[in-house]
*Asks:* 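Sending over a structure as structure tokens; questions will come in a sec.
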Amino acid sequence: MDIAIIVGLDVVSGIASLVLISAGLAVIFGMMKIINLAHGEFLMLGAYATVLAVNAGVNIWFAMLVIAPVFVGLVGVIVERCLIQFLYGRLVDTMLATWGLSLVIVGGTTMIFGNTIVGVSSPLGGFQVGAYQSSLYTPFLALMALFLMTAVFAVMRYTRAGLIARAVMQNPDMAATLGVNPARVYMATFGAGAAMTGLAGGLLAPVAGVVPTMGAAYIAKAFITVVGGGTSVLWGLISASGLFGFINQIAAFLTTPVFGEVILFIAAVILIRLLPTGISGRFFKGRL
Amino acid sequence: MQLLNGMTGALIGSAIAAVGILTAPLYVDLFQIMQLTVFAAMAVLALSLGFIWGYGGILCFGQTSFFGLGAYTYAVAAINFADSTPAILLAILIPVIFAALLGYFMIYGGISDVYLGVITLTVSLILFNLVNSTAGDFYKIGDARLGGFNGMPGVPTFNLPGNPGYILTPEQAWMVTGIALIVVYLGLRLLIASSFGRIIIAIRENETRAALLGYDPRIYKLITFMIGGAIAGFAGALYVNWGAFVSPTIFALGLSAQIIIWVIIGGRGTLIGPIIGCLLLQWLVTEIGAQQAFDANFVLGAILIVFVLLVPKGIAPTLRDMVMSRFAERGDAPPDVSVKVKT
């Protein structure tokens with residue numbers, strides 16, 4: 001019984017972490033149809049911002065919930081203005097440019113801070129489930145994932161900015177004729193996506209090894225989730241995270257975490273063969 | 001006739017290069033020969049991506065998957081057979097099978113370029129994690145221990161076919177690698193000049209139109225992808241032969257990025273471009289490694305961004321266009337034998 005609860009918690013935390021690490025990527029992909037290959041580095045910048053702020057004496061909650069997303073969000077806006085905006089309509093070139101950016105960020109961070117691991121400790125304690133010990137940080141991450149999804153839904157559904165964003169997502173040309181400037185919407189989208197990624201990086205900082213190359217450990221899962229989910233930001237992300245998080249954790253429990261990842265990938269490739277536009281391209285077409 | 005001219009040029013160039021390769025040990029010292037050997041092995045890898053991306057239009061971000069699979073297959077087979085000839089063949093065969101499986105799911109699924117790039121990149125990342133986790137005695141194939149993140153040291157290098165006792169010297173290994181590069185280059189030139197080559201270029205230019213003319217784009221793309229996998233796997237065997245060592249870092253993100261950069265700066269839609277790009281960048285990375293001021297990733301990333309923004313066609317096509325326009329000004333333009341590339 002206790003083991004069932006622990007595995008259940010693992011599944012929940014697997015799904016939650018997929019939602020967190022993929023949300024920013026999904027927002028940018030859903031709106032702009034580009035995959036940001038510097039996604040892992042945005043995560044890393046969020047984690048670094050958190051760690052540096054905490055080491056400078058800032059409260060850890062403020063550091064990971066405010067400083068990390070704001071900093072990476074600003075980085076995102078700067079990147080969009082200085083790089084992405086020149087490549088609109090050239091999807092492949094955009095991906096290549098963001099890949100170059102990812103190398104620049106990894107190299108730059110290594111040059112400034114070196115390869116050493118600077119860590120912060122997990123701010124919450126643990127709790128007992130029968131004979132097993134689990135961290136309170138896991139349910140906290142799940143709550144944050146839930147909060148993030150609710151926030152995205154609320155903004156997209158009930159605010160004017162969300163309305164404009166959905167209009168540009170459906171048809172940028174039509175939105176432009178109605179007086180919306182798609183370029184500005186894209187800039188805001190990229191900034192918002194980067195901020196969400198920064199938040200995820202900040203939340204991961206206490207539980208991950210913070211090194212310049214840490215992004216590579218997360219991007220495989222984030223890419224699979226977004227590609228499997230398709231272009232619908234919210235439902236694609238939730239359905240793909242739910243499916244893949246479940247498969248990944250159960251497979252990891254039965255074999256090893258690495259084979260869990262391999263099985264997750266095989267499942268994703270089969271899914272892509274059946275649904276080439278992702279889950280949302282088939283079942284949630286035109287939804288958020 | 002024009003095609004023949006292009007081929008003649010390639011043959012003359014290759015013959016000169018072959019003479020250079022065979023005589024290099026006479027005037028270059030051993031350290032530089034070793035350096036050139038790994039450059040040539042990597043250039044074969046660059047050709048594989050230059051072919052499937054530049055001519056097949058397949059945006060593969062994870063060409064290291066096939067390279068690494070070929071390298072590991074060669075290492076495992078060479079240790080077990082104690083003979084390099086069947087190991088080289090297996091190092092080509094296994095990546096081809098893997099490319100066929102992966103390519104079937106992606107190409108017959110009809111996914112977009114963006115998805116294909118992301119999925120192939122993900123494959124290389126997952127293979128990296130997988131091979132990295134194979135430390136310990138449990139993970140071995142025959143006599144070969146996979147070794148996890150420590151890699152596999154002491155892999156037997158190339159021997160004379162049919163005579164496992166005769167191990168090639170570094171100079172002979174260099175000649176084999178250099179000649180292999182030329183053979184792969186000429187083979188791809190011939191393939192591109194054949195009707196198969198024309199069909200895959202037609203598919204790259206307009207998939208729907210090619211399909212309406214009666215060619216099934218999926219099978220042609222899949223075969224292109226498999227050829228790319230075969231060449232990359234072969235490059236993997238050449239690479240292991242150079243160092244007698246293989247580790248999971250050949251699946252790592254850094255190398256995937258470098259292959260893309262070679263092809264981008266060299267030029268998509270040419271075969272000589274990726275080779276030039278590969279040699280230039282390899283040399284540059286070696287130079288950067290010798291000093292401490294700049295991180296290699298930083299420089300590579302900056303180069304990639306600059307090329308994507310300012311020289312999207314790459315070096316070889318840009319130079320060719322400059323030469324062509326100079327000739328055009330003088331009014332005696334040579335016939336345009338190049339294949340127009342849509343960028």
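Source: prediction; values computed, not measured.
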*Asks:* Aromatic rings A/Phe29 and B/Tyr115: how do their planes relate, parallel, tilted or perpendicular, breaks at 30° and 60°?
*Replies:* tilted

*Asks:* In Å and rounded to the nearest 0.5 Å, what is the CD1 to CH2 distance from B/Ile264 to A/Trp99?
*Replies:* 10.0 Å

*Asks:* Rounded to the nearest 0.5 Å, what separates atom CG in A/Leu83 from atom CG in B/Leu309?
*Replies:* 5.5 Å

*Asks:* For the OH atom on B/Tyr139, are there more than 12 heavy atoms of other groups (residues, nucleotides or ligands in this structure) within a distance under 6.0 Å?
*Replies:* yes

*Asks:* Do you know which of A/Leu91, A/Ile105, A/Val262, A/Val106 has the most heavy-atom pairs with chain B at a distance under 4.5 angstrom?
*Replies:* A/Val262

*Asks:* Given a strict heavy-atom distance threshold of 4.5 Å, which part of B/Tyr104 is in contact with chain A: side chain, backbone, both, or neither?
*Replies:* both

*Asks:* Could you tell me which non-hydrogen atom of B/Ile126 sits nearest to which non-hydrogen atom of A/Ala220, and how far apart they are?
*Replies:* CG1-CB, 4.4 Å

*Asks:* For chain A, find which of B/Gly110, B/Ser133, B/Ala257 contributes the most heavy-atom pairs closer than 4.5 angstrom.
*Replies:* B/Ala257

*Asks:* Identify which part of B/Leu59 has an atom lying under 4.5 Å from any heavy atom of chain A, answering side chain, backbone, both or neither.
*Replies:* side chain

*Asks:* Which value, rounded to the nearest 0.5 Å, describes the distance between B/Leu253 atom CG and A/Leu37 atom CG?
*Replies:* 8.5 Å

*Asks:* Under 4.5 Å heavy-atom distance to chain A, tell me which part of B/Leu130 shows up: side chain, backbone, both or neither.
*Replies:* both

*Asks:* Looking only at heavy atoms, what is the nearest atom pair of A/Val92 and B/Trp53, with distance?
*Replies:* CG1-CZ2, 4.3 Å

*Asks:* Taking CZ in A/Arg81 as the centre, count heavy atoms belonging to other residues, nucleotides or ligands within less than 6.0 Å. Is the count above 12?
*Replies:* yes

*Asks:* Please test B/Val118 against A/Met95 for side chain to side chain contact (heavy atoms under 4.5 Å, CB included), starting from the C-alpha separation and ending with a verdict.
*Replies:* CA-CA 9 Å; B/Val118 169; A/Met95 288 170 76; 3.8 Å; yes

*Asks:* Most heavy-atom pairs under 4.5 angstrom with chain A, which of B/Val299, B/Asn129, B/Asn297?
*Replies:* B/Asn297

*Asks:* Roughly how far, to the nearest 0.5 Å, is the OH atom of A/Tyr218 from the CG atom of B/Leu125?
*Replies:* 14.0 Å

*Asks:* Counting only non-hydrogen atoms closer than 4.5 Å, does B/Ile261 touch chain A with its backbone (N, CA, C, O), its side chain (CB onward), both, or neither?
*Replies:* side chain

*Asks:* Is the backbone of B/Tyr108 close enough, under 3.5 Å, to the side chain of A/Arg273 for a donor and an acceptor to pair up by distance?
*Replies:* yes

*Asks:* Which atoms of A/Phe223 come close to chain B, meaning under 4.5 Å heavy atom to heavy atom: side chain ones, backbone ones, both, or neither?
*Replies:* both

*Asks:* Please check if the number of heavy atoms outside A/Tyr88 that lie under 6.0 Å from its OH is greater than 12.
*Replies:* yes

*Asks:* Does any heavy atom of chain A fall under 4.5 Å from the side chain of B/Thr134, the backbone, both, or neither of them?
*Replies:* neither

*Asks:* Before giving the answer on side chain to side chain contact (heavy atoms under 4.5 Å, CB included), spell out for A/Ile270 and B/Phe105 the whole-Å C-alpha distance, their side-chain angles and the decisive distance to 0.1 Å.
*Replies:* CA-CA 7 Å; A/Ile270 294 171; B/Phe105 279 101; 4.1 Å; yes

*Asks:* Considering only heavy atoms, which portion of B/Phe61 lies under 4.5 Å from any heavy atom of chain A: side chain, backbone, both, or neither?
*Replies:* both

*Asks:* Under 4.5 Å heavy-atom distance to chain A, tell me which part of B/Leu121 shows up: side chain, backbone, both or neither.
*Replies:* side chain

*Asks:* Please classify the contact between B/Leu127 and chain A as side chain, backbone, both or neither, with a heavy-atom cut-off of under 4.5 Å.
*Replies:* neither

*Asks:* Given the options A/Leu264, A/Leu103, A/Ile34, A/Thr94, which has more heavy-atom pairs under 4.5 Å with chain B than any of the others?
*Replies:* A/Leu103

*Asks:* Between A/Met111 and B/Asp295, what is the shortest heavy-atom contact and its length?
*Replies:* SD-N, 3.2 Å

*Asks:* Hey, could you give me the NZ/OG distance between A/Lys33 and B/Ser112, rounded to the nearest 0.5 Å?
*Replies:* 11.0 Å

*Asks:* Hey, could you give me the CG/CD1 distance between A/Leu96 and B/Ile260, rounded to the nearest 0.5 Å?
*Replies:* 6.5 Å

*Asks:* If you look at every heavy atom in B/Val308 and A/Ala97, which pair is closest and at what distance?
*Replies:* CG1-CB, 4.2 Å

